[in-house]
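The structure under discussion appears below in the form of structure tokens.
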Amino acid sequence: MNLTKYFIILGFTLPLLTGCNSLPFLQAATPENTVEETRSPNFDFTYDEYADVLKTYVDEDGFVDYKALQLNRQKLDRFNQSLALVSQEMYDSWNEKEQIAFWTNAYNSFTLQSIIDQEPLKSSIKDILGVWKGRRFQIAEQSKTLDDIEHKTLRPNYNEPRIHAVINCASISCPILRTEPYTGEKLEEQLEEQTRG
């Protein structure tokens, strides 16, 4: 008898045993089956909604009002879904700075999503099981964890040590989260500011 059947016979479900309503660390955080259906040749990727999220819920010291963001998460969700709609062709057309900005913003926005997906909110990101290596996100025709973005994309593909000053893991020891997205146009200035900070 497998364990799943055993728990069902006992009247329990695995999520109940883990104390969660679901197992987000084992599931794709961005639904895979909706990406191809919604990708359009006229799709125009922007940071506009993410910029609104950062401006509204992040203060000048980099602290996030997670409770308010959790209650008003639509813009963050739409932005994160748009990351999945970026085609390889679009991504390849960007210069290196634009690509670094894209992955950095993705890491930071998926971190925000990982936190507000918890009900109730956890007191520490470290309390979210599988947050860095388990939860998967659809991005630019790929499926990535936060760990993948940092250690298998940003670090090995770009000779830019200041990347470590811009990815925010939602811990007090991490670099602060800016109140604006990273962009290819402003990346040099943003990297310098973050590194000095």
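Throughout, residue positions are numbered sequentially from 1 according to the sequence presented. Remember, it's a predicted structure, so these values are computed and weren't measured experimentally.
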So, does Gln138 use its side chain to make a donor-acceptor pair with the main chain of Ala84 at under 3.5 Å? no
Under a 4.0 Å N-O cut-off, is there an ion pair linking Asp48 with Lys75? no
Can any side-chain N or O of Glu141 pair as donor or acceptor with the backbone N or O of Leu85 at less than 3.5 Å? no
If I compare all heavy atoms of Tyr158 with all of Ile163, which pair ends up nearest, and what's the gap? CB-CD1, 4.2 Å
Here the gap from Asn80 atom CG to Arg78 atom CZ, rounded to the nearest 0.5 Å, amounts to 11.5 Å
Tell me whether Glu160 is salt-bridged to Arg155, with the criterion being a basic N under 4.0 Å from an acidic carboxylate O. no
For the atom pair CG (Asp65) and CG (Leu71), what is the distance rounded to the nearest 0.5 Å? 9.0 Å
Check: Thr56 side chain, Val53 main-chain N or O, donor-acceptor pair, under 3.5 Å: no
Between Arg162 and Glu192, does at least one N-O distance fall below 4.0 Å, as a salt bridge requires? yes
Do Phe79 and Ser109 have side-chain heavy atoms sitting under 4.5 Å apart? yes
Quick check against the 3.5 Å criterion: does Asp148 have a side-chain atom that pairs as donor or acceptor with the backbone of Thr145? yes
Consider only side-chain heavy atoms of I, L, V, M, F, W and Y, link residues closer than 4.5 Å, and tell whether Ile167 and Phe63 are in one cluster. no
Looking at Gln74, I'd like to know if its CD atom is crowded, meaning that more than 12 non-hydrogen atoms belonging to other residues, nucleotides or ligands lie closer than 6.0 Å. yes
Between Gln190 and Thr183 (side chain of the first, backbone of the second, donor and acceptor by atom type, cut-off under 3.5 Å), is there such a pair? yes
With a 4.0 Å cut-off, would you call Asp117 and Arg73 a salt bridge? yes
Compare all side-chain heavy atoms of Glu119 with those of Gln70 and state whether any distance is below 4.5 angstrom. yes
Examine distances only and state if a side-chain atom of Ser171 and a backbone atom of Cys174 form a donor-acceptor pair shorter than 3.5 Å. no
Out of curiosity, Asp147 CG to Arg136 CZ, how far, rounded to the nearest 0.5 Å? 10.0 Å
Which word best sums up how the rings of Phe102 and Phe45 line up, parallel for under 30°, tilted for 30 to 60°, or perpendicular for over 60°? perpendicular
Is the count of non-hydrogen atoms from other residues, nucleotides or ligands lying under 6.0 Å from Asp92 atom CG greater than 12? yes
Side-chain heavy atoms under 4.5 angstrom apart, residues restricted to Ile, Leu, Val, Met, Phe, Trp, Tyr: same cluster for Met90 and Ile139? yes
Say whether, by atom type as modelled, one donor and one acceptor occur between the side chain of Gln118 and the main chain of Ser114 under 3.5 angstrom. yes
Are any non-hydrogen side-chain atoms of Arg178 and Glu193 less than 4.5 angstrom apart? yes
Please check if the side chain of Asn108 supplies one atom and the backbone of Cys169 the other of a donor-acceptor pair under 3.5 Å. no
Non-hydrogen atoms of Asn105 and Tyr182 that approach each other most closely: ND2-O, 2.7 Å
Distance-only donor-acceptor check, side chains Gln99 and Asn95, under 3.5 Å: no
Rounded to the nearest 0.5 Å, how far apart are CG of Leu154 and OH of Tyr107? 9.5 Å
Without swapping roles, check the side chain of Asn168 against the backbone of Pro175 for a donor-acceptor pair under 3.5 Å. yes
Ile115 and Ile128 have their tightest heavy-atom pair at CA-CD1, 4.0 Å
Under 4.5 Å between any side-chain heavy atoms of Leu76 and Tyr57, yes or no? no
Do Lys186 and Glu180 pass the salt bridge (charged side-chain N to carboxylate O under 4.0 Å, His left out) test, and can you show the C-alpha distance, the side-chain angles, and the key distance before you say yes or no? CA-CA 11 Å; Lys186 294 175 65 177; Glu180 65 179 2; 2.9 Å; yes
Side-chain contact test, heavy atoms from C-beta onward, threshold under 4.5 Å: evaluate it for Phe110 versus Ile149 and give yes or no. yes
Donor-acceptor pair between Ser124 and Asp127 side chains, under 3.5 angstrom: no
Surrounding CD1 of Ile172 (heavy atoms of other residues, nucleotides or ligands, distance under 6.0 Å), is the total greater than 12? no
Inter-residue atom distance Gln113.CD - Leu146.CG, 0.5 Å rounding: 9.5 Å
Can you see which heavy atom on Ile176 is nearest to which on Gln194, and at what distance? O-NE2, 3.1 Å
Can Lys144 be said to sit on top of Trp103's aromatic six-ring, NZ or CZ under 6.0 Å from centre and within 45° of the ring axis? yes
Leu177 vs Leu112, side chain to side chain contact (heavy atoms under 4.5 Å, CB included): CA-CA, chis, key distance, verdict: CA-CA 10 Å; Leu177 186 61; Leu112 291 174; 4.1 Å; yes
How long is the gap from CH2 on Trp132 to OG1 on Thr111, to the nearest 0.5 Å? 8.5 Å
Heavy atoms, side chains only, cut-off 4.5 Å: are Thr179 and Glu60 in contact? yes
Around atom CD of Gln88, are there more than 12 heavy atoms of other residues, nucleotides or ligands at under 6.0 Å? yes
